[in-house]
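Inspection log for the structure reproduced underneath, given as structure tokens.
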Amino acid sequence: MLSLIQTLPPFSKAGDMHSKGTYYNLRRLTAVIVIAFTALAGASVGVNLRQVRDHTRELAKMEALTTFNKDQAFRFWATNHGGVYVPPSETTPPNPYLSHIPDRDIELPSGKKLTLMNPAYIMKQAMAEYSELYGVKGHITSLNPLNPANRPDAWEAEALKSFENRAVKEKVEFTKIGGQPYLRLMQPMVTQEGCLKCHAHQGYKVGDIRGGVSVSLPMKPYLAKETMLDRTIVSSHLLVWVLGMAGIGFAYRRGSVDIRERMKAREAIMAEEERFRNLVETTNDIIWEVDVNGVYSYISPQVRSILGYEPEELIGKTPFDVMPEGEAARVREFFAKVMGAAEPFSNLENRNLTKDGRLVVLESGGVPFYGKSGVVRGYRGIDRDITERKKAEEELDKVLDELTRSNADLQQFAFVASHDLQEPLRAVTSYLRLLERRLTGRLDQEAEGFVESAVDGAARMEHMIKDLLEFSRVNTAGGAFERVDMNAVLDGALENLSTAIKESGAVVERGQLPVVYADPAQFVRLLQNLIGNAIKFRKPGGKPVIEVVSRESAEGWVFSVKDNGVGIAPGDIDKVFIIFQRVHGKRYPGTGLGLAICKRIVERHGGRIWVESAEGSGSSFHFTVPGKAVK
């Protein structure tokens, strides 16, 4: 094997190491030798086991034939002598099936009585009493037995039929008797002259097939020896196989030492190439490599799905060859600069033409790679298809422009409308109040009610316009964010509400509040609105109890304003932050903009606001403020 290894050709390139290389050939040769040696050992085991099996069965057959021939000789002797006379006894009574023979029973001159035993009787008694001496069972039988006890079993009956048909002259079969393995052998019994003494009355003639003699040889001793030999053969072959495998393994290790040294460096290269290939072939981006002139030396198969070109079509060309003319000049100039500085680049957007003329926008990035001398040999990089993203960005920009203009127009409209409406509304309010003073006592009760309703409506309209103006200017007229002590903010809100607190007898319970980044003026208005609502929506005749607390959470700081007021019906929970929604109707004063303003203030600070309430059980308003500055 070592000499063969030395003659194997060296690697021509890294890719040949697995398909055509020396190490592969060594492994293949070793595998062939292992398979061949294993097959040879297995074949040898099979042949030897077959020989042992055949030898065992041949020995068994020889012993069965020996026993059969012994019984046959004894039967022939008895037949030729016309049977044997013996004294009758309990074990050898006169044979009732020979009663048709006149001299079946005789008496000697001495007065001693004898009875005739024909060959079948002799054989049956000998087999019954002495077969245990050597374990072989014999049986004389016939399809038409003189003695019913000599009837054949199923196997013997089948053999006798084949004998009568002259189909076979002997039947030998390895089978089972009572669940134990036996060799059964049987030959036909041909009628002789001496047989007619007992069987002539059955119609037999000399030469007829009168029956058969069978021998049943127990196979258990033979099979035990066969099993022992089988184990010896298998264990010896297994030992030879293990020794052979050890020798092959030793030769393989010796042979692989030289190859391993030659492959070590190339395996590292192959591993890098394999990782690169896997990365290239699984990513959706185009992987490329260009030389110092920008000429493709490699481009991944993904170029097919993005630009419609086969990789082979672009090898030897440059990226600028598939760009519009003006774009090609721009990117070529950019590439020359980064190549001159040997710097990596990224996020280079460039327009390319597909093979069928469609425009595709790619985002490119690359890094230089170097030769052994440290000189830049080219760039390797990635092109990502961002065509759909650019389209989406353009559409988004259009939508944002439209939204910006729309918001600006709405804010301007709200500002102008609220500002311009204030002057005529003030005039209407002033003249109504003047009319009310001058006509007091001169109008009937109904007319005075009309005037009072008009004055009240004008006043509510003025409040609504002011709140609408404030709502529209939350995001545009707010102050800068700064570090704000929420304790001071709460103090300011309570000072503004001091009159309402005093008149209602409200109790404000407060916890220690944190410092956050916020617009202080807006947060004063936020707490003022929430606490003012708690005072306004108190239970009739009850004293409002208001709790202002805070806690930390994953969202930042969570502030809560809880009251014991009238609460909110479940169906109105989602309406409270919508402008002009007055869920309690006209029972309480207001414009329906207070909570909408609170929501806009919280959202400007990057938080969210919500309410938990049950009708008649008070409300808990919560809002979050991020734990860091909102920009």
Side-chain angles (χ1 to χ4, degrees), residues 463 466-467 469-471 473-539 542-553 555-568 576-577 588-591 593-613 618-631:
H463 286 304
K466 287 180 180 179
D467 287 346
L469 179 61
E470 181 180 356
F471 177 80
R473 300 180 66 186
V474 168
N475 291 328
T476 58
F481 289 2
E482 58 185 69
R483 289 176 60 85
V484 176
D485 184 350
M486 289 297 292
N487 296 288
V489 169
L490 178 57
D491 290 339
L494 294 177
E495 184 177 350
N496 294 341
L497 294 168
S498 59
T499 301
I501 292 173
K502 184 177 180 180
E503 291 176 352
S504 64
V507 176
V508 179
E509 300 174 352
R510 54 191 292 176
Q512 183 64 31
L513 303 181
V515 175
V516 298
Y517 283 89
D519 179 341
Q522 288 189 341
F523 263 42
V524 169
R525 181 59 188 272
L526 171 63
L527 291 181
Q528 183 177 323
N529 281 0
L530 294 177
I531 297 171
N533 279 351
I535 296 172
K536 179 169 61 174
F537 296 107
R538 63 184 180 272
K539 294 178 180 178
K543 178 190 294 186
V545 178
I546 305 162
E547 182 183 11
V548 182
V549 293
S550 65
R551 62 180 174 85
E552 282 190 284
S553 73
E555 296 181 71
W557 286 99
V558 179
F559 293 87
S560 301
V561 178
K562 305 177 183 179
D563 64 57
N564 62 341
V566 297
I568 303 170
V576 295
F577 297 108
Y588 297 91
T591 61
L593 279 165
L595 289 177
I597 293 173
C598 291
K599 182 173 185 292
R600 178 160 287 196
I601 291 172
V602 171
E603 289 177 347
R604 182 189 174 221
H605 287 76
R608 63 187 183 93
I609 187 171
W610 70 99
V611 62
E612 297 172 351
S613 181
S619 302
S620 296
F621 285 85
H622 311 278
F623 64 91
T624 63
V625 180
K628 58 182 180 180
V630 179
K631 299 181 180 179

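FYI, side chains are in, hydrogens and waters are out, and symmetry mates aren't considered; it's all heavy atoms of this structure.
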Handout entry: Side chains of R538 and S504 in contact at under 4.5 Å (non-hydrogen atoms)
Key = yes

Problem - Non-hydrogen side-chain atoms of L530 and V548 separated by less than 4.5 Å - result: no

Exercise for the section: Search all heavy atoms of G532 against all heavy atoms of L497 and return the closest pair with its distance. Expected result: N-CD1, 3.8 Å

Handout entry: Residues D519 and R525 bridged, charged N to O under 4.0 Å
Key = no

Exercise for the section: Return the minimal non-hydrogen interatomic distance between P544 and N564, and the atom names on each side. Expected result: CA-OD1, 3.5 Å

Exercise for the section: Can you see which heavy atom on R510 is nearest to which on N487, and at what distance? Expected result: NH2-O, 3.2 Å

Handout entry: Spacing of R551 atom CZ and W557 atom CH2 [to the nearest 0.5 Å]
Key = 10.5 Å

Completion exercise
Output for pair (I501 CD1, E495 CD), nearest 0.5 Å, gives 10.5 Å

Practice task
Test Y517 against R483 for side-chain contact (heavy atoms from CB on, under 4.5 Å), laying out the working first.
Solution key: CA-CA 5 Å; Y517 283 89; R483 289 176 60 85; 3.5 Å; yes

Problem - Gap separating the NE2 atom of H605 from the CG atom of L526, nearest 0.5 angstrom - result: 8.5 Å

Fill in the blank from the handout: So SG of C598 and CD of E603: to nearest 0.5 Å the spacing works out to 11.5 Å

Exercise for the section: For the residue pair L527 and M486, establish whether any side-chain heavy-atom pair is separated by less than 4.5 Å. Expected result: yes

Fill in the blank from the handout: All heavy atoms of I535 vs all of A500, minimum pair found to be CG2-O, 4.1 Å

Let me have the donor-acceptor pairs involving side chains of residues 619-626, under 3.5 Å, with sequence neighbours excluded, atom names and distances please.
{"unit_1": "S619", "atom_1": "OG", "unit_2": "S613", "atom_2": "OG", "d": "2.8"}
{"unit_1": "H622", "atom_1": "ND1", "unit_2": "S560", "atom_2": "OG", "d": "2.6"}
{"unit_1": "H622", "atom_1": "NE2", "unit_2": "E612", "atom_2": "OE1", "d": "3.4"}
{"unit_1": "T624", "atom_1": "OG1", "unit_2": "R608", "atom_2": "N", "d": "3.0"}

Handout entry: Side-chain heavy-atom pair N529, L595 within 4.5 angstrom cut-off
Key = no

Fill in the blank from the handout: Of V524, I531, V561, D485, the one forming a side chain to side chain contact (heavy atoms under 4.5 Å, CB included) with L490 is I531

